[in-house]
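Residues: numbered from 1 along the sequence shown. Computed over heavy atoms, backbone and side chain alike; hydrogens, waters and symmetry mates excluded.
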Amino acid sequence: MEISVIIVNYNVRYFLEQCLCSVEKALNGMSGEVIVIDNQSSDQSVEYLQPAFPTVRFVANAANGGFAKACNQGLAMASGRYILFLNPDTIVGESCFKDCIRFMEAHPDAGALGVKMLDGSGRFLPESKRAFPSPLTSFYKLSGLSLLFPKSPRFARYHLGHLDPSQPHEVDVLAGAFMLIRKEVLDRTGGFDETFFMYGEDVDLSYRIQKAGYKNYYFPDSPIIHFKGESTRKGSMNYVRMFYSAMSLFVRKHYGGSRAGLFNLIIHLAIWVRAGLSATGRFIRRIGLPLIDASLILLAFWLMKNLWNSVRSDVEYQNDKLWIAFPAYTLFYLITAYYAGLYDRAYKRSDLVRSSVVASVVLLAAYSLLPEQYRFSRAIILFGAVLGLVFIMVLRYILTSTGVLESDSEDRDNASTLIAADTDEYRHVLELMQVAGLQERVLGRISVSEQDNTAIGNLKQIQRLPDAVPFREIIYCQGKLSFAQIIESIQSLPAGVHVKFHAAGSRSIVGSDSRDGSGESVSVETSLKLADPYYRRIKRLIDTGFSMLFLLTFPVQFILVRKPFRFLARALQVLLMQMTWVGYTQDEKKLPGLRNPVLACNGLPASVKQQIPAESLHMLDYWYARDYEPVNDIRLVFRSYRKLGD
């Protein structure tokens, strides 16, 4: 057997689906095998993919023992002359494996080979070629000198910035995302060191291959796509700790003495610095952002009050009333902003503007209903809201520019997507987009042939299309287009265009615009409304509203409902987020998580045993999650009101 492809998967089933489609094409005309080791994924990767890829050997681990251990597990099962360790978030071209093996055969001194890697937008990934992390090399990288001098043989040595990425080179370190190694070499060196849980194991194995007398080569002629950041967010403290700990382990193992001591000092300084930055960013994103917004809104109201005093010097405002009014208005703004989606993962300017407008309108309406003695000035409310909006927009610009917050392009909510496909592939992808509720994004089709004049344009015109068509995203369909043609095409896309991929026969569309962030996937499963943070917030608001209403009117409920004390207990549990008023008919592992319900989505009390077959109940739950409408929860609660304590 020529080649054994070993893939370790952890919770990236849609990316793995696209990867396996490309691997199957690359193995055509070769004798090879594919082994997938699943490290205790919670997204049902094996159940989802195994029926679609019957020739792939899937192994589902009961525990996650780390990347290195899983690779060795696959290695023990492999029988190919060449072993390829491949990440699940990659796409390879049809001739990739043949080209790489041909290069290895032409270079008998080659022990292992890595390839040119591109991110999901077609940009070159510098970790495709690296040097060993000596103390000085690491210092240059950590201090930022490598960024200041990206082509320097000294300062940019970590990523070998002085070497032309379009030419093959002998290098020190190969990336674990794609490592092609002769089986006879692994028989001499052994597999990955399982002391490394994640990160650093590729550096260690590359070092041992060189120590055994072989060379590591960087081969750019068959580039692959590597969707960075799918298993671990690089900005997270977990990544910082694991990455630098792995580097420290490598140096202790192979360098020793004073060099290891110096390196560990540098590493621990780097960990503390990165930990501080990571903690600050995490605090701002999760807790600090609403507090900062509150301070800015208060400041805006206070500045506007002082400015208005200078305009209307004849009017005197009582500070004791302002100390109550301004914090109350600010709190109302924050609640409105939360439900408008301002504190979701990615910031969108439209969410901020919408929440500010809604809050201002409601505040002015409520203000007009207040007794005269509690009013002070509509102008302060209106212009204070505008000034607060400006302050927050400036803050968001700073935070998105520095990478503390992600920014979600407004263009994605409008028609801005082109699909590169033939007519049949276009219809299929459009159906997927429609199921996911994203069909309104689609502008039209790009033909894959110059002879096809029924589309907006063709791939040969991709550089000129933005001048005529305002697209910001392109979905490449593999079918008429080969994976290799797609990989070649994305390297010539205009800047700022987002990319997604769909392989023929697959049930998903995937893409990743960030080197560090998590990617996106579109499938039937990701189209569920209850997976959307907006609908989950609305559902929580309904739960809280009903619970507060029932608790405040409990003396009335004591008369009207059956089993009032159990009803009271459930109202408290829902308020404390231990239950939800309406939920699934049965325990659902594959649908968006909900707390234990008081009522099932078919209106029966959740404590009542359902007489419907389990498969039918699952379909009821699926429809509830897919088509969730808040008004249906409200109707069910009112309809079953007297039985809520049963």
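Annotation: the span from Leu125 atom CG to His226 atom NE2 amounts to 7.5 Å, rounded to 0.5 Å. The distance from atom NZ of Lys539 to atom NZ of Lys529, rounded to the nearest 0.5 Å, is 13.5 Å. Taken from OG in Ser416 to CG in Leu443, the straight-line distance is 6.5 Å, to the nearest 0.5 Å. Between the CG atom in Asn9 and the CG atom in Asn87 there is a gap of 10.0 Å [rounded to 0.5 Å]. To the nearest 0.5 angstrom, Leu560 atom CG is 11.0 Å from Phe554 atom CZ. Interatomic distance, CZ of Arg441 versus CD1 of Ile475, reported as 8.5 Å (0.5 Å rounding).
For the pair Gly65 and Asn39, the tightest heavy-atom approach, listed with the atom from each and the gap, is N-OD1, 4.2 Å. Nearest heavy atoms, Gly511 versus Phe15: O-CZ, 3.7 Å. The two residues Phe567 and Phe550 have their closest heavy-atom pair at CZ-CG, 3.4 Å. Across all their heavy atoms, Thr90 and Ala177 have their closest contact at CG2-O, 4.3 Å. Listed here is the closest heavy atom pair of Gly74 and Ile35: O-CD1, 3.7 Å. Residue Ile612 comes nearest to Ser616 through the heavy atom pair CG2-CB, 3.3 Å, listed as atom of the first residue, atom of the second, then distance.
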Set out, in order, the CA-CA distance, both residues' side-chain angles and the distance that settles side-chain contact (heavy atoms from CB on, under 4.5 Å) for Tyr584 and Asp587, then state yes or no. CA-CA 7 Å; Tyr584 300 132; Asp587 187 24; over 6 Å; no
Go through Gln18 and Val12 one step at a time and tell me if the side-chain contact (heavy atoms from CB on, under 4.5 Å) criterion holds. CA-CA 10 Å; Gln18 303 300 313; Val12 286; over 6 Å; no
Given the rule in the side-chain contact (heavy atoms from CB on, under 4.5 Å) test, do Ser42 and Asn11 qualify, once you have shown the distances and angles that lead to the verdict? CA-CA 6 Å; Ser42 58; Asn11 286 331; 3.3 Å; yes
Can you list the steps and then say if Phe483 with Tyr476 is a side-chain contact (heavy atoms from CB on, under 4.5 Å)? CA-CA 9 Å; Phe483 285 110; Tyr476 283 100; over 6 Å; no
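Checked against the 6.0 Å centroid criterion, the rings of Phe227 and Tyr14 do not qualify as a close aromatic pair.
Counting only N and O atoms by type, the side chains of Glu17 and Ser508 include a donor and acceptor under 3.5 Å apart. Donor-acceptor pairing under 3.5 Å is lacking for the side chains of Tyr624 and Asn602. Using a 3.5 Å distance cut-off with no hydrogens or angles, the side chains of Gln73 and Asn61 do pair a donor with an acceptor. For the residue pair His618 and Glu588, a side-chain donor N or O sits within less than 3.5 Å of a side-chain acceptor on the partner. Looking only at atom types and distance, the side chain of Asp119 has no donor-acceptor partner in the side chain of Ser121 under 3.5 Å away.
The stretch residues 557-571 participates, sequence neighbours left out, in these side chain to side chain donor-acceptor pair (under 3.5 Å) pairs: Thr553-Gln557, Gln557-Tyr641, Arg562-Asp646.
Using a 4.5 Å heavy-atom cutoff, the side chains of Asp424 and His428 are not in contact. Using a 4.5 Å heavy-atom cutoff, the side chains of Arg445 and Glu425 are not in contact. Annotation: side chain of Leu296 is not in contact with side chain of Val394 (no heavy-atom distance under 4.5 Å). Using a 4.5 Å heavy-atom threshold, the side chains of Ile542 and Val582 count as separate. Using a 4.5 Å heavy-atom threshold, the side chains of Asp633 and Asp543 count as separate. Side-chain contact between Ile392 and Ile297 is present, with at least one heavy-atom pair separated by less than 4.5 Å. Residues Ser640 and Phe638 form no side-chain contact, since every pair of their non-hydrogen atoms from C-beta on lies 4.5 Å or further apart. Residues Val8 and Phe85 are not in side-chain contact: their nearest non-hydrogen atoms beyond the backbone lie 4.5 Å or more apart.
Remark: the backbone N or O of Lys500 is not paired with any side-chain donor or acceptor of Glu473 at under 3.5 angstrom. Side chain of Ser22 to backbone of Cys19: a donor-acceptor contact under 3.5 angstrom is found. Remark: the backbone N or O of Tyr48 is not paired with any side-chain donor or acceptor of Arg13 at under 3.5 angstrom. No donor-acceptor pair closer than 3.5 Å links the side chain of Gln478 to the backbone N or O of His502. Between the side chain of Arg536 and the main chain of Leu530, a donor-acceptor pair closer than 3.5 Å is present. Not a single donor-acceptor pair under 3.5 Å links the side chain of Asn596 to the backbone N or O of Gln578. At distances below 3.5 Å, not a single donor-acceptor pair connects side-chain atoms of Gln40 with backbone N or O atoms of Asp38. Under the 3.5 Å distance criterion, the side-chain polar atoms of Ser506 are matched with a main-chain donor or acceptor of Ala503. Under a 3.5 Å cut-off, the side chain of Lys643 and the backbone N or O of Leu604 do not form any donor-acceptor pair. Formation of a donor-acceptor pair under 3.5 Å by the Thr585 side chain with backbone atoms of Ala600 is not found in this model.
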Compile the donor-acceptor pairs under 3.5 Å between side chains in residues 51-58 and protein atoms, sequence neighbours left out, one pair per line.
{"unit_1": "Arg57", "atom_1": "NH1", "unit_2": "Glu33", "atom_2": "OE1", "d": "3.3"}
{"unit_1": "Arg57", "atom_1": "NH1", "unit_2": "Met77", "atom_2": "O", "d": "3.4"}

